[in-house]
Structures are given as C-alpha cells and as structure tokens.
2 protein chains.
Amino acid sequence: MHNRCMIDPRLITLRVFARCGTVGATAELTGYSPSAVSAQLRELQRVLGMQLLTKDGRGVRLTATGRFLVAGSDTLIAEWESLRSAAMAAGDQVQSRFGLGGFSTAAAQLLAPLAATLRSTRPLLEVQVLEANPARCFDLLVAERIDLAVIVAMQSDTYVEDDPRFEQTVLLDDPLDVIIPSNHPLASRETVTLEELASEPWITEAAGSTYHSLFTAAFTAVGVTPRIAHEAVEWETQIAFVGAGLGVGLLPRLAPLHSAENVVRLRITGKGKPARRIVAAVRRGSLASPLVQESLGILQVRAKRILAARPEDDL
Amino acid sequence: MHNRCMIDPRLITLRVFARCGTVGATAELTGYSPSAVSAQLRELQRVLGMQLLTKDGRGVRLTATGRFLVAGSDTLIAEWESLRSAAMAAGDQVQSRFGLGGFSTAAAQLLAPLAATLRSTRPLLEVQVLEANPARCFDLLVAERIDLAVIVAMQSDTYVEDDPRFEQTVLLDDPLDVIIPSNHPLASRETVTLEELASEPWITEAAGSTYHSLFTAAFTAVGVTPRIAHEAVEWETQIAFVGAGLGVGLLPRLAPLHSAENVVRLRITGKGKPARRIVAAVRRGSLASPLVQESLGILQVRAKRILAARPEDDL
DNA sequence: ATCGATCATGCACCTATTGTGCACGGTTAT
DNA sequence: ATAACCGTGCACAATAGGTGCATGATCGAT
C-alpha cells in the first residue's frame, strides 16, 4: 500500500499539509496518525537541513522556505508523473493499483461503469473508488490516494483552471432543470425561464456548499435574486421538499427523479441556461499514462452516450 | 548517511546500474551489498509495475522501458537538485553533508584547500573528500555520494560537455611541460617544440588511461607520432624513469617536480600547446545551491592564484 | 569437456526505520 | 476557569531494508 511514487513520501505529506494547514487534517487525509505526520515533517527538515515549519498559536505554519519548497515541488511531481506515464506507455506495462474519486451522481453515472469496465478489461488491476466531494478529490489527488477524479467544476469556484498540479478534461455539461410541484400552475409547461420563477420560494443547498455557488451563479446570469426558502443536502430531500409544495428547485439532468410522482421536471430556456460542468481531473503529467488514457476514453464514450440519449437538446 | 535526496533511492540505484551494467559494480559504487541492489531493483519493478531488467547471459540488462526511465529521470533529478538548491538559497539554510571528489594533483592542489576553507567557514558542515579518477567521479555524482567533483576534461574523451546530468565550470587550463633528463642535449633550453622531441623515446601512461588520450591528443595536434617506450602509472614513477634516462615525458604544470634533481622541466612552444583542462562538475540543477556557489567561488580564486603565480605565461 | 571465475539471486537473520496509541503541555474559545 | 483543540514526545510494535552466505546459471580458458 506504501509508496508507489518515486518522490519521498514525506514530501508528499508536506504538500498535503500545505493544503490543509494542520497536522491532524494531514493525518486524516494521508491515512497516517498525527504523530507519524509530525515525525515525518521533523525528519524531512532534518534530512534537508531546512526549517520548514514554525509554531503558530496552537498549530504549526509553513515557513517561507517551506512554502517555496511546496510551490516548487509541483513541477517536480508533474515531471515524475509525466515520466512514469511515458514509461508505462512506451513499455506497454500495467500498473497494479488505480484509485478513482468522484462525487454523488457523477460517481454513480460515470465512475461506477468505468470501474466495472476496467475491472473486466484488466482483471488483475486493483481498482478503488472513493466517493468524495470535489475539494476533497483534489486533496486525495495531491495525497496520491487516487489517480483520477470526476468532479463538478464551478464557474466561480475556488479551484483554478490552470492549477499547476492538475490537468482537467471536460466530459460533459450537465444542464440544470427546474423541479416544481405537479400542482403548480406551470407544471403543464415543457420549458420555463428563470425569470418566470423569480418570485417562487427556492430550495437549495446550504451556503458555502458545492452546489450553492452553482445556484447563485445561475441566477446572477439572468439578473434575478431568488428567495431561498429552504435548504437541503441530498437531492432526494430537495425533491421531497418540492413534492410537499414547499417550493421549487434546480436539479441536474443526471440526477434521477424516479421515486417522486408529484414533482415534474421542466427544462430551462432563455439566455441563462445554467449547467454544471463535469470534468475529469488527474495529476499533471499523468495524462500520457495508458490507464488514464483508457479511462478518459471510457468516460468520454459514456458522456457521449448520455448526451445522445437526450431527445433534442441544446449542445 | 541515507537518503538526503527526495527521489526514491531505488531509482538512484537503477541509474547507477544503467551506468555500470552489473549488479556487483552498482553495489560497489553505491556502497550496498549485491543482494541489496538486487532486492532494490526487484522492488522498484514491483512498485512501478514495470519490467525494467531482463536476464542477459550471466548478468542482467536494462529493458527498453528501463532505458527510457533512466533517460527520463535525468531531468527529474536535475529538477529536484534545482528546487533544493533554490530553497536552500532562499531560506538561508545550511546543509549538513558535502561530498567532494577529485583526481590526484587536482585533489591535492584544489580540493584540499577547498575542504579546509569550508571546514573553517562552516564548522558544523561534514565535508568528505574522495579521491577518484574522473570517470568514477561522475559515477559518484550520479550515485549521490559526492556533490562536487574536480576533474580533468579531455578534448577527445567519452564524457560529453552537455551531459544532461551534469553542469561543468572551467577552473583553469593546466599546460603540459616536457620533462627530460638533465644530461639531455636540450636540457639547457628554456622551451622546446614537440617536433624537436619527435624521435625521443616517450614515457606515458597505459593506453586507455585518463592521461594517455591527453598524450596522444597533444601529438596528433602537431602531426607527430611519438614512440612510446615505457609506461608509468604515477607521476613520480614517470619522473624517476626520465631521471634514469629511459626517455622523456609530459608533465602537467601543477604536478610538482621537487624530488628529482636530474630532471629538468621545459615549456612547450609552437602551434600545439597541449594542456589539460581542469573543470568542476556538479549534478545539473545544483548550481544555485549556496554551498556549491561558495565552493566554486573558492575554487575560482584558488585557480586564479595559481595562474597568477606563473611568471609570464600564455593566456 | 572440465574447471574456475563471474554474476545474480534466494534465504535466514538482524537492524533500525517508521508507524501506532496514549499521555502531556501549550493555546484559544466559551 | 474550563473545555476543546492541536502538536509532540515516548514506549512499544511492525516491517521495510540491510548483510552474509550458499546456490544456480553462464561464460571463458585450459
């Protein structure tokens, strides 16, 4: 289970620490115990002869040298990933472990089939799927726990498109639909605009969550300020709220609506066509790896099939 | 004493193996036992999931994948050295170990003072000097046993100026003199040309040795084919041979002639002014390291002082 | 062909690196 | 003041990783 990476695991630990800021969180993310993380970082400083950490309140903080090292290590990691991938591709070799990460519907609709396919085409490959939210997926990528993540990219999210640590591939744009109670005046319509629903009570996720920013982005695009009446965490909960007549909500096309008979799904028309973008992310440099290539191919096919299954859709 | 490097030591071992071709030689060079090297390479293949070695007769040989990996790892190592050096420089940090390598007179005249200076300016730095011939110095650099080498560069040698693994700095050009018996007809002269000594019996090192190629290069430059009468390994032996009237020889200016009273040293004039070029070599990327910078500075000063001590010389 | 030399590797054994679990001291929030 | 949190040191345990020797395989020389 240990280092499949050529870079000293302690440096990886330092990188994870740089992301989450505390020894405890680093331990949780890497799978080590807090004392192990502490010892690793101490050893790293001793071996390199650098002071990387300083006491800061009840925690520790990276020194300037530490930040410098972490920042510079990005290209180092990418270089290694690139080399490893190229060597795997050049030698027609097989790797033994492959970690996947993803979030909710993405995981269900894309990762599960991918894992199943890989399991059949490469019987002796050990595939592991971890469900985690996008932010954690990136952490897991950094921590080398997973090799590929399928995540939802926000337009206005903290993650930047050109992070030197990752490479991303767009899989598909999943449009957001509106779900309203079946006894709603607009329930017989095929399509609506967000403006028409401006005065409705909305149901969304808690502020700060992954989908809340998607929600607000959709409305700011059309210049409407929605009234948020309720908050739900799971899609199922939100659907139940809508079914109970508490309000209306946004639901990605990929999220199934099977169990709710008193809720209808309407497509959104107008200038603001909100969508969530589903992308695959890998560590920078690993794109050339045969397994990553194959996986991306499978995901692309799956995405195309999903798009094709839609009746007559906007591109 | 172990990994001061962030790159997996097993990859370093693989790189050393790529240079010397046998497990035994790799073990000797890295300081491990043969079984350890064997186990390391086996582990490396298991972890990476690549077949890097193949049986070849009674030995093993790199596969195409293995060669690819080794070739690509050059930039990876350089990248790390560069990062480490930059971090050291940025953070005003000190490293604890510093390995020097060099050859014969170079070691004596340049490395010894350097080591002494470093020992005084950085008391808690552990300086280690290894005497080794140029080829082995490069091996030791690859094996991370030393960090800086002072070696003699041949014009027509196997090492290439732009090896992606090393960076080299010219320290000084050390001209070759002629040594002849003091009862020789030309002994009263100040200078001679190689043409004048074309028919003399020459004393040099065995073919294939470091200085033999320097020797032949000097003569091919003036279009003369010398008659090699005797072979000697040490300068002292050669000088003794000349003193005994067995022939004449070439001697670098830096090699001292103190103990021989019946031998005279003559400068060479004419179009072919043979010289050996003394250069400092480090792993590519480590030039930015404060210690390397300081060391190179000290060496340059020392080289300049040596040049200045010469009466009136060719540039 | 035979013998010896050379080379890689497996095995038994040992060392020491490295991880865990728990307790402790310092720091912040209530 | 008390409680919660964070990082670290320590005893102990696991295991990765080392050595030394014996073994098998191959090549060169007599």
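Naming: A, B, ... by sequence-line order, numbering from 1 per chain.
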Any B:I146 side-chain heavy atom under 4.5 Å of B:L100 side chain
no
Separation of D:dG7 atom C1' from A:Y32 atom OH, nearest Å, is 18 Å
Parallel, tilted or perpendicular for B:H230 and B:F241, by the 30°/60° rule?
perpendicular
Note: contacts of residues 12-22 of chain B with DNA chain D (heavy atom, under 4.0 Å) are none
From CZ of B:R10 across to C1' of D:dG18 the rounded distance in Å is 14 Å
Taken to the nearest whole Å, CD/A:E28 to C1'/D:dC5 is 16 Å
Side chain to side chain, A:M6 and B:L44, heavy atoms closer than 4.5 Å: yes
On DNA chain C, more 5' by nearest nucleotide between B:V60 and A:R58 is B:V60
So CD of B:Q51 and OG1 of B:T65: to nearest 0.5 Å the spacing works out to 8.0 Å
To the nearest angstrom, the CD-C1' distance between B:E43 and D:dG18 comes to 13 Å
Whole-Å distance, A:D8 CG to C:dT18 C1', equals 12 Å
Within residues 33-42 of chain B, those residues having any heavy atom closer than 4.0 Å to DNA chain C are B:P34, B:S35, B:S38, B:R42
For residues A:L291 and A:L148, determine if any side-chain heavy atom of one lies less than 4.5 Å from a side-chain heavy atom of the other. no
Rounded to whole Å, the NZ-P distance (A:K55 to C:dG25) equals 14 Å
Residue pair A:R122, A:E294: steps toward the salt bridge (charged side-chain N to carboxylate O under 4.0 Å, His left out) verdict
CA-CA 11 Å; A:R122 316 225 181 183; A:E294 183 177 341; 2.3 Å; yes
Check whether any side-chain heavy atom of A:F138 lies under 4.5 Å from a side-chain heavy atom of A:D163, and answer yes or no. no
A side-chain contact here means heavy atoms from C-beta on lying under 4.5 Å apart; do B:V23 and B:F17 qualify? yes
Rounded to whole Å, CG of A:D56 lies from P of D:dC5 at a distance of 19 Å
- request: State, yes or no, whether a side-chain contact exists between B:V282 and B:Q168 at a heavy-atom distance under 4.5 Å.
  value: no
Rounded to whole Å, the CG-P distance (A:L44 to C:dG19) equals 12 Å
